[in-house]
Amino acid sequence: MSDSSDDIPFFGDDLPAATPARPAPRSAGGGIAARALAASNAARQASQPQAQYLSGLNPEQSDAVESIEGPVLVLAGAGTGKTRVLTTRIAHILNLGLAFPSQILAVTFTNKAAREMKERIGVLVGNTVEGMPWLGTFHSIGVKLLRRHAELAGLRSDFTILDTDDVVRLVKQLIQAEGIDDKRWPARQFAQMIDGWKNKGYAPADIPEGDSRGFANGKGRALFAAYQARLQTLNACDFGDLLCHPIRIFRAHADVLKEYQRKFRFILVDEYQDTNSAQYMWLRLLAQRPAPERPNICCVGDDDQSIYGWRGADVENILRFEKDFPGAKVIKLERNYRSTEHILGAAAHLIAHNEGRLGKTLFTEQSDPEHAKVQVHAGWDSEEEARAIGETIEQLQRPDRNGKRHDLNDMAILVRASFQMREFEERFVTLGLNYRVIGGPRFYERQEIRDAMAFFRVVSQPADDLAFERIVNVPKRGLGDATIRQLHDHARGRGVPMLDAARDLVATDELKPKARKSLTDVVEMFTRWQAMMETTPGHELAETILDESGYTEMWQNDRAADAPTRLENLKELVQTISTFESLRAFLEHVALVMDTENNPDLDAVSIMTLHSAKGLEFETVFLPGWEEGLFPHQRALDEGGRSGLEEERRLAYVGLTRAKRNCHIWFVSNRRIHGLWQSTLPSRFLDELPEAHIEVAEADGSYGGYGGRGQSGGPYGASRFDRAEPFSGNYETPGWKRAQANKSDATRDNWGTRSGPSVERIAYGESGPRGRTIDGELVARSATDTPSAFSLGDRVFHMKFGNGNISAIDGNKLTIDFDRAGQKRVLDGFVSRV
DNA sequence: AGGCATCCCGTTTTT
DNA sequence: CGGGATGCCT
C-alpha cells in the first residue's frame, strides 16, 4: 500500500476483519450511522487534508457525496457531474473507513462505464480500487454470484454463457422439435420474448397467460420451459439468467441472501433510469436490512435520459424510488458544466413537452452573447444533408486565422437509425475525411472469431453442444446433415452431450465409414486438447487447436478476398488470449465484454446512433434526419403510443445535450427508405424548440452539380458552405417556408439527374468481413481529382482487393481485374500504382 | 455439399 | 434497394 492511503483499509474480498488501521465496523448497522456522523464530522473539523476530494464540488454534489446513510436518489441531469459524484462518494466512504473496498457494491450497465469508474476512483484513492471486486456491470457481478452458487441453480460452476446468436439457434431447434412452423413463429421473435420475460424476472410458471397464448398457439410457456431445461443440460445460461438465477437463489436460500446483505454495506447504482424489473428486484433484495436499519443504497440517474424502454428498462423504477425506499433523500443536480445556454435552453424546452417527469431544469453560468444558437438546417434530400455536413466539417477542421482548428475527434454525427450512417460514410470516403463508426459489427461477432471461439468452448466445456454443432463440420469433414441429426438424436436419447454421443457412435457401426472416420478424428482431437488444458498456456493451446483442426489451413486455402483479413483476425485473437491467465478466463471475458477499443490516436469524426451517444460529449454535434417517421420513429409511435413518443423525445434530448458548443440539426424533404424515395415532413420536435435559442440556417442555391473541388486549389477547395447565409431568428424564413412547401410536391424526378455515389458503394460495401469499416483509417484517402492519373492496363494496388490491372476507365471510376477478387469498379482514389 | 434463385423484411442494443 | 435466409437444383 502506498503511504498516502495508509488510512484506507485494503483487504481481500473474504478476509475477516484482521484489524486494519481503522477497522471497518462489523457490528450492527446502527453503529454505522453513528460512526459515519462522527467520522464525517471529524473529517470536516480536521483541516481535512484527506477530504481534499470534497473541495471543488458544488453544494448539491457535496450533499450527494456526503449523505451516506439511508437511501439516496441523485437526479443527475446531463453534464452535471454524475460520475464525479459516484466516484467521490465511494472515495468518501472508503476514506471514512466505513467499509472495506470489498464491501461496496457498485453497478453500472456497460463495461465502459465500469472501467471509467474504476479509473476515476483509482485517481482518488490509489490502489485501493483493486480491492473493489464488486464494481462492475449487473451481468458481470451476476456471473460472479452465480459461479459461486451455481449448484443452487442446477448448474455447474463452469457453465457457459450463451450470446444472442446461440440463443436464437437453440430456440430454433426447440421450435422445430415441437413441430412448429418456424416461418410463422420465428425463433428470433421467441428469443426476444424470453428476454422480455427474464427482464421481468419471470420463470416459465410466472408468465402471463396471454403471453403464453401469444406464441405458437399457446405453446409459449411450454417452449420457455423446454428452453430452460435445455440450458440446464447444456450447463449454460443466457444473459437474462445472470440476473434471474441469483434472484431465485436469494429468494430460496435466506442464508445466502443474508450473507450478501451483510457483505454489501453500501450499494451504488449508475444509470438507474435504465434498470429493468429484474434488476430492481435484485437490488431490492440485496439492499434490504432488518428493521431499524435502512438500506444504504444510492441510485444515480436521469429520468429524462431513459431511452431503453424498448428493451425492458422501466422508467417507473426511478419515478417511484421514494415509494420503494421510504425516507429516501432526493438530490437534484441541475448545474450543467457542459453546454452553452442555447443548447440547454433548446433541450429544456423540448423535454418540457413530456409528461410524467420528475422535473429538472438544467442551467449554466457560462452564457455569452458570442455563443452560437442551435442551428436548424433544411435540405432537399439525404444526399445534400451528408454533403453539407461534410463541408461544414471540413470548414471547421480547417485552421482559422489564429491557426486553430477544430479536432475531428470533437465532432459527432448522431443518427436515429443506423441505415442513415451509410450516406455519411460514403461521403466521407470521397472527401478523404477520417471517420469512426461506433457500434458497428464487432470483432467477436465475425464468423472466423465465432468459429474459433466455438472450438475453445467445446474444449473448455464439453457439454456445450451449440458450440460443438457449429464447428463439428468445420472445416468440411463430410459430416453432413444426416450425421449431425444422428448425433443429435443419440445425444438427446441418452441425455448426454453431443461430444459424448459422438464417442459412443464411432464405436458402433451405425455410421457410414467415411463419417465414422471423420468423427473419430474429431473426438480424438477434442480429447487431446482437453488433456492439454491444464498444462498448456491459453494462447498456445488456442494456436494448436486452430492448426490441428485444420481451421487455419482452411482460410489459408481460401481464395476469397477477405481470407487474409480473417487470418489476421485469428492471429489477433490468439494474441489477445496471451494476455489472459487461461483460455477459460478469456472465454469468460469475451462472453461479457464484446466491445473492441478503437484507435484514439486517429483524429476522426464519430458517427453513431443517438442511443450509443448517451454519456458522451462533443464540441460540435450534428443531428441529421429530424423528420416525422424517422425521428420520432414510426414504429416507436405505432407500438409505444404516447410513451413511445416520449421516449423518442428523450432521445432528442440526449442528442442535444451531447453538444458542448455547437449543435446542427438537419431535416430533409426526401429520404430513401427501403429503397424508395419518400417525401417527408419536418419532425414535430423541431416545432418544440424555442425560437429564442435556435437559428434557421439556409444554404444558398442548390448543392447539386458537385464537382471541380480540386480545381479551386488547396486540399479542401472552396466550400459551397461559404455562401451559406444563416437567417437569424425564427421559422419565418424563406428556407423554412420553402421546406414546408416542398414537402408535398417532392418528387423523385430530380433524383435521376443527380450523380449518386453508387460506385463508391461497390468499393465500400465489400470492405471488411461484415461490411462496415470500423476506423476511418481503413478507408482510402480522397481521390486526387485527376481522372487521367491512370491509364488502361496499369498495374495497381487496392487496400481491400489487392493487386490488379485496369481494364476500363470512366472518369475517375476504374474497372479493375483483381488477381484475387475478380473484376470490380472502384474510385481511382482507392488505388495506387504499383 | 455447394451454388444459385427467390423471398422476405427492413429501429434503437447491452450484456 | 440490398442483405440474409431458405430452398431447390445440380
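Letters A, B, ... mirror the listed sequences (proteins, then strands); counts begin at 1.
For A:Trp310 and A:His611, the ring centers are positioned less than 6.0 Å apart. Proximity of the aromatic rings of A:Phe159 and A:His245 is defined here by a centroid distance below 6.0 angstrom, and this criterion is not met.
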For nucleotides 3-7 of chain B, tabulate all protein N/O to nucleotide N/O atom pairs closer than 3.5 Å, reporting atom names and distance.
none

Restricting to nitrogen or oxygen on both sides, can you table the protein-nucleotides 5-9 of chain C pairs closer than 3.5 Å?
{"residue": "C:dT6", "atom": "OP1", "partner": "A:Lys172", "partner atom": "NZ", "Å": "2.0"}

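Considering only side-chain N and O atoms, A:Asn111 lies under 4.0 angstrom from the phosphate OP1 or OP2 of B:dT15. The phosphate of B:dT13 has OP1 or OP2 within less than 4.0 Å of a side-chain N or O from A:Thr609.
Judged by centroid separation below 5.5 Å and plane tilt below 30°, A:Phe239 does not stack onto the base of B:dT14. In this pair, A:His633 lays its aromatic ring flat on the base of B:dT11, centres within 5.5 Å and planes under 30 degrees apart.
The environment of CZ in A:Arg169 is crowded: more than 12 heavy-atom neighbours from other residues, nucleotides or ligands sit within 6.0 Å.
A glycosidic torsion no more than 90° from 0 defines the syn conformation; B:dT12 lies beyond that range and is anti.
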Exercise. Could you check A:Asp238 against A:Tyr227 for side chain to side chain donor-acceptor pair (under 3.5 Å), going step by step and ending with a plain yes or no?
Key: CA-CA 11 Å; A:Asp238 60 23; A:Tyr227 170 77; 2.7 Å; yes

Quiz item: So A:Leu268 and A:Val300, side chain to side chain contact (heavy atoms under 4.5 Å, CB included) or not? Walk me through it.
Solution: CA-CA 8 Å; A:Leu268 295 96; A:Val300 180; over 6 Å; no

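One interatomic measurement links the two molecules: CD of A:Gln678 to C1' of B:dG10, which rounds to 12 Å at whole-angstrom precision. Taking atom CD of A:Gln192 as the reference point, atom P of B:dT13 lies 13 Å away to the nearest angstrom. To the nearest angstrom, P of B:dT13 lies 12 Å from CG of A:Leu414. Between A:Glu383 atom CD and C:dC1 atom P there is a gap of 17 Å when expressed in whole angstrom units. What separates CD of A:Glu426 from P of C:dC1 is a distance of 15 Å, to the nearest Å. Remark: C1' of B:dG10 and CZ of A:Arg671 are 16 Å apart, rounded to the nearest angstrom.
The pair A:Asp166-A:Arg457 counts as a salt bridge, with a side-chain nitrogen and a carboxylate oxygen less than 4.0 angstrom apart. Ionic pairing of A:Asp381 and A:Arg672 is not present here: no N-O contact between side-chain nitrogen and carboxylate oxygen is shorter than 4.0 angstrom.
Across all strands, A:Ile141 comes closer than 4.0 Å to no nucleic acid atom at all (heavy-atom distances). A:Gly142 comes within 4.0 angstrom of nothing in the nucleic acid, heavy atoms only.
In the set B:dT15, B:dT13, B:dT11, the nucleotide with an atom closest to the side chain of A:Ser612 is B:dT13. Of the candidate nucleotides B:dT11, B:dT14, B:dT15, B:dT11 has the atom lying nearest to any side-chain atom of A:Arg635.
A donor-acceptor pair shorter than 3.5 Å cannot be found between the side chains of A:Glu627 and A:Ser683.
For the ring-ring contact (aromatic ring centres under 6.0 Å, His included) test, residues two or more places apart in sequence or in another chain that qualify with A:Trp626 are A:Phe631.
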